[in-house]
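Atom set for the values below is all heavy atoms of this structure, side chains included, hydrogens, waters and symmetry mates excluded.
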Amino acid sequence: MKTILHVSKYYYPDLGGIETLVKSMAEGLTEYRNIVVCFATDGQTRVETIGSVIVHRVKVNFSLMNQDVAFGYLNEMKWLMNEYKPHYVHVHCPNPFVYPIVLKTIQPETKLILHWHSDIISKGLMYMFVKPIEKSILKRADLILATSPNYVHHSSPINRYKDKIRIVQNGVITSDFDFRKGDRGRIEKVKKKYGHKKLVLFVGRHIPYKGIDLLIEAEKYIKNDCRIIISGTGPLTAHLKSVSKSPRVIFTGRLTADELRCHAHAADVFAFPSNTKAEAFGIALAEAMYCRCVPVVFHLEGSGVNWVSAKDVTGMEVPLRDVQAFAAAVDKLLDDEELRAKMAEASHERVKEMFTDEIAVAKMREIYHEL
């Protein structure tokens, strides 16, 4: 049995778009032995088996500019390479700390796949040190996977390697969002909790590029009597709460899987105000669309966001950082039930046809076979 070594920042039960994708790949490619190496978020180096996937978690010693650093990573990678002799090393990017370690430990005959989820957006002093290593691993890669055609853009370092780029879109684990027994009652409780008002939902980490501050600013211009539900947590949570003065804006904290699913089905509009190319795809966007929650997004040049949601078909798209236009788009959807229903169904169908985990895994299977 051939082995795939998945190199990811984190892995389930840590949640996020990349973590969801890696889990679906590792669990879906059953004809391979799947090993994951990632950072341990609880400070404990350990090995565990989750389902059929062997997961090596490496203790983080410190973080520098949002990049985890683990002193034990090099030895762990050496051991993994010697023990399993993987046929494929599949690195989920960006994760510049691991690039030199992969280059040092990978065997010449091992196929290297870079899954390019996002460029390194900050081009400050630190990037001057990272850029040569990034260039080296891009040159060594046998294949580079972009999550959307939009991301193969002149502004991205992968653009010069078009001859070895393939598009593999991220996939929603649809079974996580299909209706379950008791959901009708749970959804009704969600609606009752917010006074049966129209609901605008945000889901995501509270970090700068998610644009939650822009959503809070846009709320001032939304005319409908609605509630803006902001789920999730992050380093900006306290600040966002301090600048949000409206009783219409409600912070829920992190929702459970059941709560997330029922909130997505209960909400009318999905607010997705991400404002930089760091939002390369938007798995939360696709999940909401699958639940027929109609999105409002900004136009992000070179991002897959505007590929996931088709302008004026599955949702509304407005100029970047134009909070008044964002508010107007929310109002248009809340005012026009017929338009909202039409876009809701189009959203659901687009995800079913293009962005499911089954589709993503099938594409990866083809790619591995080709390699």
Side-chain angles (χ1 to χ4, degrees), residues 4-30 32-61 63 66-70 72-73 76-77 80 90-95 97-98 115 117-118 147 170-178 180 182-183 186 201-207 210 230-235 237 251-265 281-288 290-291 355-358 360-361 364:
I4 304 170
L5 177 59
H6 305 265
V7 183
S8 179
K9 276 192 176 181
Y10 313 109
Y11 188 72
Y12 182 84
D14 298 314
L15 298 178
I18 296 176
E19 291 73 34
T20 298
L21 174 75
V22 179
K23 181 174 183 286
S24 67
M25 295 292 177
E27 291 182 349
L29 294 163
T30 53
Y32 299 95
R33 178 196 289 122
N34 288 277
I35 315 292
V36 174
V37 59
C38 63
F39 296 115
T41 55
D42 61 0
Q44 299 294 320
T45 294
R46 65 188 186 280
V47 181
E48 58 188 335
T49 301
I50 301 177
S52 61
V53 182
I54 301 170
V55 183
H56 289 247
R57 301 187 193 270
V58 186
K59 174 185 175 181
V60 175
N61 295 97
S63 293
N66 296 319
Q67 172 64 63
D68 289 334
V69 175
Y73 212 104
E76 194 74 20
M77 284 291 285
L80 287 165
H90 192 142
V91 181
H92 294 267
C93 309
N95 192 359
F97 171 76
V98 308
H115 212 126
H117 296 279
S118 172
T147 57
N170 293 344
V172 173
I173 301 176
T174 54
S175 58
D176 289 348
F177 293 91
D178 288 328
R180 301 184 184 183
D183 273 2
R186 295 187 191 103
L201 177 65
F202 168 88
V203 175
R205 291 185 65 216
H206 297 183
I207 50 180
K210 292 293 183 180
I230 298 178
S231 73
T233 60
T237 303
F251 289 83
T252 67
R254 187 171 179 173
L255 299 175
T256 66
D258 283 342
E259 290 170 338
L260 175 59
R261 182 179 65 256
C262 293
H263 273 70
H265 282 291
F281 183 87
I283 195 70
L285 170 62
E287 289 168 348
Y290 183 75
C291 297
F355 305 121
T356 69
D357 56 332
E358 291 92 346
V361 169
M364 275 311 312

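Note that OG1 of Thr233 and CZ of Arg205 are 8.0 Å apart. Values are rounded to the nearest 0.5 Å. Annotation: the span from Tyr10 atom OH to His92 atom NE2 amounts to 14.5 Å, rounded to 0.5 Å. To the nearest 0.5 angstrom, Asn170 atom CG is 8.0 Å from Ser24 atom OG. Rounded to the nearest 0.5 Å, atoms CZ (Arg254) and OG (Ser231) are 10.5 Å apart. The distance from atom CG of Leu80 to atom CD1 of Ile54, rounded to the nearest 0.5 Å, is 9.5 Å.
Remark: side-chain polar atoms of Thr45 are paired, donor with acceptor, to backbone N or O of Lys59 under 3.5 angstrom.
Looking at Glu19 and Val22, their side chains never come closer than 4.5 Å, going by heavy atoms from C-beta outward. Residues Leu255 and Arg261 form no side-chain contact, since every pair of their non-hydrogen atoms from C-beta on lies 4.5 Å or further apart. Side-chain contact between Lys9 and Ile18 is absent, with no heavy-atom pair separated by less than 4.5 Å. In this structure the side chain of Ile50 reaches within 4.5 angstrom of the side chain of Tyr11, judged on heavy atoms. Using a 4.5 Å heavy-atom cutoff, the side chains of Asp258 and Arg180 are in contact. Residues Thr174 and Glu287 fail the side-chain proximity criterion, which asks for heavy atoms closer than 4.5 Å. Met25 is listed as a side-chain neighbour of Val361, based on a closest heavy-atom distance under 4.5 Å.
For the salt bridge (Lys or Arg N to Asp or Glu O under 4.0 Å) test, residues two or more places apart in sequence or in another chain that qualify with Arg46 are Asp42, Glu48.
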Ile283 and Leu21: side chain to side chain contact (heavy atoms under 4.5 Å, CB included), yes or no, with the steps? CA-CA 9 Å; Ile283 195 70; Leu21 174 75; over 6 Å; no
Carefully, step by step, assess Cys38 and Val55 under the rule side chain to side chain contact (heavy atoms under 4.5 Å, CB included). CA-CA 8 Å; Cys38 63; Val55 183; 4.1 Å; yes
Would you check, one step at a time, whether the test side chain to side chain contact (heavy atoms under 4.5 Å, CB included) holds for Thr356 with Val172? CA-CA 5 Å; Thr356 69; Val172 173; 5.7 Å; no
Chi angles and distances behind the side chain to side chain contact (heavy atoms under 4.5 Å, CB included) call for Tyr73, Val7: CA-CA 11 Å; Tyr73 212 104; Val7 183; 3.5 Å; yes
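The one candidate from Ile4, Asn34, Leu5 that meets the side-chain contact (heavy atoms from CB on, under 4.5 Å) condition with His90 is Ile4.
Taking the six-membered ring where tryptophan is involved, the planes of Phe202 and His206 are tilted, since the angle between them lies from 30° to 60°. Using cut-offs of 30° and 60° on the angle between ring planes, the pair Phe281 and Phe355 is perpendicular.
Residues Pro94 and Ser118 share a closest heavy-atom pair of CD-O, 3.3 Å. For the pair Asn95 and Ser8, the tightest heavy-atom approach, listed with the atom from each and the gap, is ND2-C, 4.2 Å. Pairing each heavy atom of Gly171 with each of Thr20, the nearest pair is O-CG2, 4.5 Å. In this structure, Gly232 and Thr252 approach most closely via the heavy-atom pair N-OG1, 4.3 Å. Between Thr30 and Glu27, the closest heavy-atom pair is CG2-O, 3.3 Å. When all heavy atoms are compared, the tightest approach of Cys262 to Asp183 is SG-OD1, 3.6 Å.
Residue-environment remark: OH (Tyr12) stays at or below the threshold of 12 foreign heavy atoms within 6.0 Å.
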